[in-house]
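These notes are about the structure you will find just below.
We name chains A, B, ... by the order of the sequence lines, and we start the count at 1 in each one.
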Amino acid sequence: MLGQQLFNGVLLGATFALVALGFNLVVGAMDRLNFALGETAMVSAVVGAVLMETGLPFAVAFLAAIATGGLLAVIVYVASFRYVSDRFPTASILSSLGMGLVLTAVVVKVFGSDQRSVPDVLAGVDLDLGLFRVSGAQLVIIVLAALMTVGLYVFLDRTVWGTAIRGVSDDPTMVALLGVPVQRVILLTFTLSGVLAGAAGLLTGLAYHSVSPFDGFTSTLTALMVIVLGGLGSVTGGVIAALVIGVLQTLTVAYLSATLRDLIVFVLVGIVLLVRPQGLFGRNAGVLERV
Amino acid sequence: MLRGGRAAVVLAAALALTACGGGGEPGGGEPGGGVYRIGVVTSSTGPFAANHTTMVAGAEYAVKVLNENGGINGNKVELVTVDGQNNPTSLATLIPQLATRDQVYAIVGPVDSAGCEIACATANKLEVPIVSPGAGRPGVLANSRPYGFTLAQPDAANSTAVLSKAIRDLGFTTAAIITDEANATTKAQADLFTQIFADTGVQVVQRATFASGDSSFASQITSIAAADPDVLALAAGPDDAGRIAREARSQKLRATFLGTGALQSGGSAYVAAGGEATEGTIAAAQYDPHSSNPVAAPLLEKAQADTGQADIPLNFAYAFDAVNMVATLIKEKNLAPDGTDIANARRQIQEGLNAMDRYVGMADVTTFAEDGTAERPQLRSVVQGGKFVIDKSAS
Amino acid sequence: MSPLAELLRVTAVTKRFQGVEALADIDLAVQEGTVHGVVGPNGAGKTTLLNVMSGYVRPDAGRIELAGRDITRLTPQLRVPLGLVRTFQNIRLYGGLTVLENVLLGQHTRARTGLRSLWPFPTPQERALRAEAEAALELFELAPYRSRRAAELPYGLQKQLEMARAMAARPRVLLLDEPAAGMTTDGRHALVERLHELRGQGLTIVVVEHDMDVIAKVCDHVTVLNFGRTLTEGPPAVVLAGDEVRTAYLGT
Amino acid sequence: MSPYAEAVLLQVGINVLLALGYWIAVSTGKYSFGHAAFMAIGAYAASMLTLNFAWPLPVAMLVAAVVAAVAGAVIGWMALRLSLLYLAIITFIFGQLVELLFAQWDYVGGATGMIGMTGTTLTLVYSSIAVVVVYLVLLTRSRLGLAYAAIREDERAATASGLRITRIAVGAFAASAAVTGVAGALAAHQLMIITPSLFGPQQALLIILYCVLGGVQYFWGAAVGAIVLSVLPIWFEWLNDWYMIVYGLLFVVLMIVRPQGLIGRSERSGGGPLLRRLRRDGAVAVEREREPVG
């Protein structure tokens, strides 16, 4: 049973990782937090679920979900980042929180506030791997999440645009001087973050069997804990922290109590903030020590 | 920097402005043509939005029927609907608004326990009778007596006998309980199941917990599947219960699902969330949409014909009855329309509700107990063909 | 000439940024009542040295002493009440606050600033500080602008205000980071006069500056840095005429 | 006065108190995204005392203020040492943590909350506002208020003036939490019931919006914002249906057009987006030069 529980945890962590990656990409590009990313994931999941209900194959629904995520992230960028003055560092946070409210409210207006059931995929599949069993939905989740994470690494590492994103994240002034179109790189970063969030939204929906208009907030909260634990802006740290939190939550639920699930993560994050504020894997992420 | 004196003046002026605006005198009854106003408290968002929509439809339908039959003593009945948006803070002003500005004789709603706690307590303080067509959490009316009522019977009173009998009938010997720990109602359900299993000699082989709304349930079901119980008791809200059912079936759990009356009253949400996995679920029930009661049956049939629904939902029938209870009392006590002597009228309605014995309406027989909760029929229901149906053979 | 007291002493300070040595084993002693210049080409480590002295950069090795007290581990804000006050190369004012408020903030460490400052009737001490702030505005020719927002002032006046704010802390050592940068010729003359005046009042000044003319006119002692090392030091007349400085600035 | 008018005035008053409390934190430039947590702490602390120990409400309010202030100081001390992004994250998470803890604490009724508190009167609410207004008037004229403004304007300059930034900001945060806690206590005793979910993210956002709409420059701007936003949905009932969307869009539009709020001096025009972008690049570069000190 432990094997199965560990697998459950990794699965949960994999979906957390995708949203956290989305957050970290934006932090890297602009030193800003996009608080509407959780809602972006939620809307993408709703779109995916609606398409699946109409009988379209999962692949189509998944593509539609990531396209929705990317599009929404661009809209949020335009509304909450592009024209918001940087003299007010929290303005973008407030604005994106506002966008989050709007996205939730629009979904409630259109589809009502009930949870929406997400149909199963590969319902017949049930792999017995000895230590644990994998259902069809779980197989889809783990494979797609892994593909997207690895894909992101390859993209950032091997392509021109990926290099440009890393460049903007390291030193925007310098890459601007080198002739890199910073605006377009930032737009691309937002799109990517939305794509990741969109994928995370639908995959989480698969794991939970449903999506609710109010899920966005939970995703945001989890992602924030992941990036604090992993280090603000650290891609690798985010992935590892997501898996740690996923496994920790699952084991807590299995062997202790569901009420302790969030509490244990809060405590872990609190300790990390006190002892190592830059996160387990972070660089010196804007940590100012003062009297 | 600001010079403080001026700031204080501006602030005071702004506050005074609000006082004038917000403090407008109550409107009183409209001139001419007698009207009895009844307030309805709904919530267009939040987890119980669907139930509220059903409730409003029931109340509106009741008023339509009443007015078609000449109203009460020739005076029309009118609903004043306010929307609390699932936000307790707005309830704190909406109830006084109904009481003062709209001069309602009584209030119907909200259906959810959390909303009722605030709305009913506020109405009670203002001495306005309020009937919730659905709040069933134990102690929900603790602060709302004598003016607060609910048409639902709390689970413990309603479900124990039904579920115990079902367990004996079906010969279950082992059980697991999954509980939403972040919710007082479901925690109470879990205690109820524990008690029932103890009484019927069923061994509880596994307990799992979760916190409302945001979990995949994979972990809990893995633990339960390892214990392989005959029956899985769902101490969960209907949405969560549906997802638990799906996760359980996807992990090949064979147990029968068991729920309290609360699961049946949220039945459509449960089945919508759980799909085919919910087939065969057994739950207690206190309302039968196809009742054979001689008073209820024709009312239900007429409502089916008028609304085009095959099954009249619980909250619809409860709201219908709530409006009619108030109307009956207004008529019986011959209360004046248009908010004349409203305080006295409200007190008389309250006394009438408290004295109500075996009111028979669309939802069968209702009697209010000492604490304002209702005594209701005790039925067994089972999910068949995608909906809860009352298992008449079992009662 | 009798030996003057060493007021500020930097001993064997080293600082690396990502492996690059910005300061390598720097020693520096500032005599009380003198003006000490620090010069060197871009990237020589001048500003880093000033940051180390004022506490904005913690050195990897070495120590800083103020009047014999080790202040290496003190944060910038704790050095201010000890008398170590600085200005910035790219002026940092409270742009949204008035000119007077900027100067009042300069007095922060000398005034009662906690909850007790809420008491609406000023204490004699507070009255004295306010009067002093007004006087400082007169002295720095800012009085006509006292109620204007600092961000609205022209560049030259902003520089003046920053110095006024620094002086409001009653420093023992004033650290100036490129005070002449961006100034007109007239401005520089005024600056030189002002520095002479302050020195005349017994203030110790460390000035990091590009403008050799200013350095030559105000400094008693000059340290030349290059690649984070001390190239040479001594009286300006000697140092500035030396070959090392020319080599450092012009390359070999 | 009719119960309706009284209910409206109570609600407006409590919201004004929330806005004023939040303004204290914002006057140092520090935005909290979990201020509803301090409201919850105040509400629960006071309710425990009045319900279980029959303390008089005014005394319970004082205790609520102290407890909330301590919580504010602890969270402030953890978060205010770090960058603004961390402050946002930590306060956001803190809001959740508090909601979760109250939901699991059986002594205060868990998720069902506490019920039966009464005693909030107009006198109590408006005298609390009066006390806070007097405090704020004195504050904005004092050197402490000046220090708050300095930190908001430029932290680096403030260190050069010898301001002990963290200590000052934590103090402001604690004072802000105290006022918010009192507002929570009053809200609890007006609503008669409190549940943890009452003090969730939506409430936190409302508090921010009250303050930010009116303007963060003057405290009375925050109060006016609270009054407008509390009264609008009461006067225009249609607004109720669109409330979330309208409030959400209000944030978005406000942050583009007037991030400093409707009341207050306008910033000098910021130039085109490109100019701003360049400046932002500069700001980022400066940020990265910073080294840990101390």
Nearest-0.5 Å distance that lies between atom [atom1] in [X] and atom [atom2] in [Y]:
X	Y	atom1	atom2	answer
D:Leu101	A:Asp262	CG	CG	10.5 Å
D:Arg81	A:Leu274	CZ	CG	6.5 Å
A:Leu221	D:Gln96	CG	CD	5.0 Å
D:Leu250	A:Ser95	CG	OG	11.0 Å
D:Phe251	A:Leu97	CZ	CG	7.0 Å
D:Ser83	A:Asp31	OG	CG	8.0 Å

field: Ring geometry between D:Phe92 and A:Phe35 (parallel below 30°, tilted from 30 to 60°, perpendicular above 60°)
entry: perpendicular
Nearest atoms (heavy-atom pairs only) where [X] meets [Y]:
X	Y	result
D:Ile89	A:Val228	CG2-CG2, 3.3 Å
A:Ala105	D:Met244	CB-CB, 3.6 Å
A:Val84	D:Met255	CG1-O, 4.0 Å
D:Gln104	A:Leu263	OE1-CD2, 4.4 Å

- prompt: Does the side chain of D:Val252 come within less than 4.5 Å of A:Tyr83's, by heavy atoms?
  reply: no
- request: For the residue pair D:Phe33 and A:Ile93, establish whether any side-chain heavy-atom pair is separated by less than 4.5 Å.
  value: yes
- request: Heavy atoms only, distances under 4.5 angstrom: which of A:Leu33, A:Val102, A:Leu94, A:Leu224 has the most pairs with chain D? Name it, please.
  value: A:Leu94
Proximal component of D:Ile256, with respect to chain A [non-hydrogen, under 4.5 Å]: both
statement: Okay, D:Ile90 and chain A: the region with an atom under 4.5 Å from a heavy atom over there is side chain
Which atom pairs, donor and acceptor, lie under 3.5 Å between side-chain atoms of residues 200-215 of chain D and protein residues at least two apart or in another chain?
| unit_1 | atom_1 | unit_2 | atom_2 | d |
| --- | --- | --- | --- | --- |
| D:Tyr210 | OH | D:Asn15 | ND2 | 3.1 |

task: Go through the structure and list residues passing side chain to side chain contact (heavy atoms under 4.5 Å, CB included) with A:Leu248, not counting sequence neighbours.
output: A:Thr252, A:Ile264, A:Val265, A:Leu268
Partner chain A: residue of D:Pro259, D:Ala103, D:Gly95 with the largest heavy-atom pair count (under 4.5 Å): D:Pro259
